[in-house]
Structures are given as C-alpha cells and as structure tokens.
Amino acid sequence: MMAVASPPHEPTSRDRLIDAGRELFWRRGFHDVGLNQILKTAEVPKGSFYHHFDSKEAFGQRVVEDFADESLAVLDAALAGDGPPLEKLRGFFEGQREFYEANGCCNGCLVGNVGQELAETSDVLRRTVELHFARVRARLAGCLGEAARRGDLADGVDIELFADVLFSAWHGALLRMKVEKSLKPIDAFLDFHLPRPS
C-alpha cells in the first residue's frame, strides 16, 4: 500500500498563543505586552488562555522554554555537522549573525531579553533562563573540549572558563548590536574569539 502524506498540522489554540507570545515578547518585552494583545494576536478567547496557563508568568515560562528548546536544537545541529569543532562553532554564530542582519539588528535573543527584564521580579522566569544558559554553556564547553583534544586550542586552556567567557561575550555583543543598530559588535566577537584560520 502506498503511504499517504498526512495533512499539515493545524495549530491548536495553545500553539497560537505560544507563537504570539514569542513574537510579542521578542519585539516588545514581557511587561509591555498585555493579555488582550496576546489574545488578539493569537485569535483565541480568554477562556482558552486560562485553560492552558494559570497566569501570564506561567505562559511566559512556556514561551521561553519553547524558544530555548528550538534554539538548542539549532545549536546541536550545527555542532553535529562535519568539520573541525571551532569551525562548526563559528558557523553557528555566523548563522545567528545572518538572522540578526535580516532583522535589522533588532531585538536580540528572546531568552536573554527576558532574563534582563525579569531576573529581579520573577524567580520562576529567572530560573528558566538560568537553566537555558547552563545548557548552552555545556554545549559550548563540549565543543571546545573536542577542539582541545584535537590540539586546536592552546595547551592548558580552561575549557569551562572559555565557554563561560564566550557565552557572556556573545550576549554582550547582542546587547551592543541592539543599542548601536550595527553588526560590528558581532563581527568583533567572531574575529576575536573564533577567528578564521589564517
């Protein structure tokens, strides 16, 4: 029997809410977006929101977790490819650069933005962001460890420290990119931390 392709998945009300939250929080921030705007963008009634989420904070947590899972999948795919580990890592960040260039150097990382905005006011979201950051740093450390074993890094380099500094430098570059509306901070990040082989 010939297989028949299943019809495209119809987004549920929960899917539409998360998609709306992601777009609105990324462009405007958490506090600047009200429930009515989320409902209007998602085209769902208020009852649907409270059927899936107990509060806006719980909704924000799910939006961040959903985005974080997707971004980790992109990072994992980049690091799983062929080639030297440092080239794969640079390739991942260059892909991010292309994304921000296409979006006019606006908005930065959704997870980082939520962390900056809410770390002092929502422990739930602070911990959610902290967990994502730890997962990203662990992947960076794994890639850098592979590079060290290949002899691509200087002897004795502290892999965990390098991963931590690399991650912090990336988010600093994103902040400057937003403020300056320029890709120069990202280019400086790439050229200093992950230069192309000469």
Side-chain angles (χ1 to χ4, degrees), residues 18-33 57 59-81 85-144 147 158-196:
I18 290 173
D19 287 346
R22 177 189 298 200
E23 183 68 17
L24 291 168
F25 294 160
W26 184 57
R27 294 195 180 281
R28 299 186 53 189
F30 184 84
H31 285 308
D32 197 39
V33 174
E57 182 181 54
F59 172 65
Q61 181 182 21
R62 183 63 255 172
V63 169
V64 170
E65 289 172 344
D66 183 76
F67 178 87
D69 288 345
E70 275 191 29
S71 64
L72 282 172
V74 172
L75 176 57
D76 288 341
L79 299 185
L86 295 182
E87 288 183 19
K88 292 189 291 186
L89 195 55
R90 182 179 173 106
F92 166 74
F93 285 117
E94 285 177 338
Q96 297 297 298
R97 182 193 186 282
E98 290 174 8
F99 171 80
Y100 290 118
E101 182 177 28
N103 283 277
C105 299
C106 293
N107 306 316
C109 170
L110 172 64
V111 180
N113 293 349
V114 169
Q116 286 180 329
E117 184 181 3
L118 300 173
E120 301 299 330
T121 59
S122 171
D123 203 48
V124 168
L125 286 165
R126 183 193 63 76
R127 288 196 308 268
T128 301
V129 171
E130 183 181 29
L131 175 61
H132 174 65
F133 283 179
R135 291 162 74 193
V136 173
R137 286 198 310 271
R139 283 158 169 81
L140 297 180
C143 183
L144 293 170
D158 186 326
I159 297 301
E160 294 296 330
L161 179 60
F162 189 1
D164 199 52
V165 169
L166 189 68
F167 182 74
S168 296
W170 172 246
H171 276 275
L174 290 182
L175 176 59
R176 285 189 56 203
M177 175 201 73
K178 291 193 299 180
V179 171
E180 298 170 19
K181 296 293 183 244
S182 169
L183 292 167
K184 287 182 180 179
I186 291 181
D187 292 336
F189 163 87
L190 288 168
D191 293 341
F192 183 81
H193 292 288
L194 296 165
R196 291 188 180 281

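One is the number of the first residue; the rest follow in order along the sequence.
- In this view, R176 and E180 satisfy the salt bridge (Lys or Arg N to Asp or Glu O under 4.0 Å) rule, not counting sequence neighbours.
- Remark: F99 CZ is packed, more than 12 non-hydrogen atoms of other residues, nucleotides or ligands lying under 6.0 Å away.
- One distance of note links SG of C109 with CG of L175; it measures 12.0 Å at 0.5 Å rounding.
- Going from atom CE of M177 over to atom CD of Q96 covers 10.0 Å, rounded to the nearest 0.5 Å.
- Between atom CG of residue D187 and atom CD of residue E94 there is a gap of 9.5 Å, rounded to the nearest 0.5 Å.
- G60 and L125 make their closest contact through C-CD2, 3.6 Å (heavy atoms, listed as atom of the first residue, atom of the second, distance).
- Across all their heavy atoms, G21 and V63 have their closest contact at C-CG1, 4.0 Å.
- Using a 4.5 Å heavy-atom cutoff, the side chains of L72 and R135 are in contact.
- Using modelled atom types, one side-chain atom of E117 and one backbone atom of F30 make a donor-acceptor pair closer than 3.5 Å.
- Applying the side chain to side chain donor-acceptor pair (under 3.5 Å) test to every pair with at least one member in residues 102-114, sequence neighbours left out, gives these pairs: N113-K178.
- Nearest heavy atoms, V124 versus T128: O-OG1, 2.9 Å.
- Looking at heavy atoms from C-beta onward, L118 lies in side-chain contact with H31 at the 4.5 angstrom threshold.
- Distance check, rounded to the nearest 0.5 Å: CZ of R62 to CZ of R22 gives 10.0 Å.
- E65 is not listed as a side-chain neighbour of I18, based on a closest heavy-atom distance of 4.5 Å or more.
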Please report the C-alpha distance between V165 and H193 in whole Å, then the side-chain angles of each, then the deciding distance to 0.1 Å, and finally whether the side chain to side chain contact (heavy atoms under 4.5 Å, CB included) criterion is met.
CA-CA 9 Å; V165 169; H193 292 288; 4.2 Å; yes
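- Nearest heavy atom pair, residue G112 against residue H171, reads CA-CE1, 4.1 Å.
- Using a 4.5 Å cut-off on side-chain heavy atoms (C-beta onward), L166 and L89 make contact.
- Between F133 and S168, every side-chain heavy-atom pair lies at or beyond the 4.5 Å cut-off.
- W170 CH2 to F93 CZ: the interatomic distance, rounded to the nearest 0.5 Å, is 6.0 Å.
- Taking all atoms of both residues into account, the shortest heavy-atom contact from C143 to P85 is SG-O, 3.3 Å.
- The backbone N or O of L194 sits less than 3.5 Å from a side-chain atom of R90, completing a donor-acceptor pair.
- Contact between C106 and W26 at its shortest, heavy atoms only, is O-CZ2, 4.1 Å.
- Taking the side chain as every heavy atom from C-beta outward, L174 and F189 never approach each other to under 4.5 Å.
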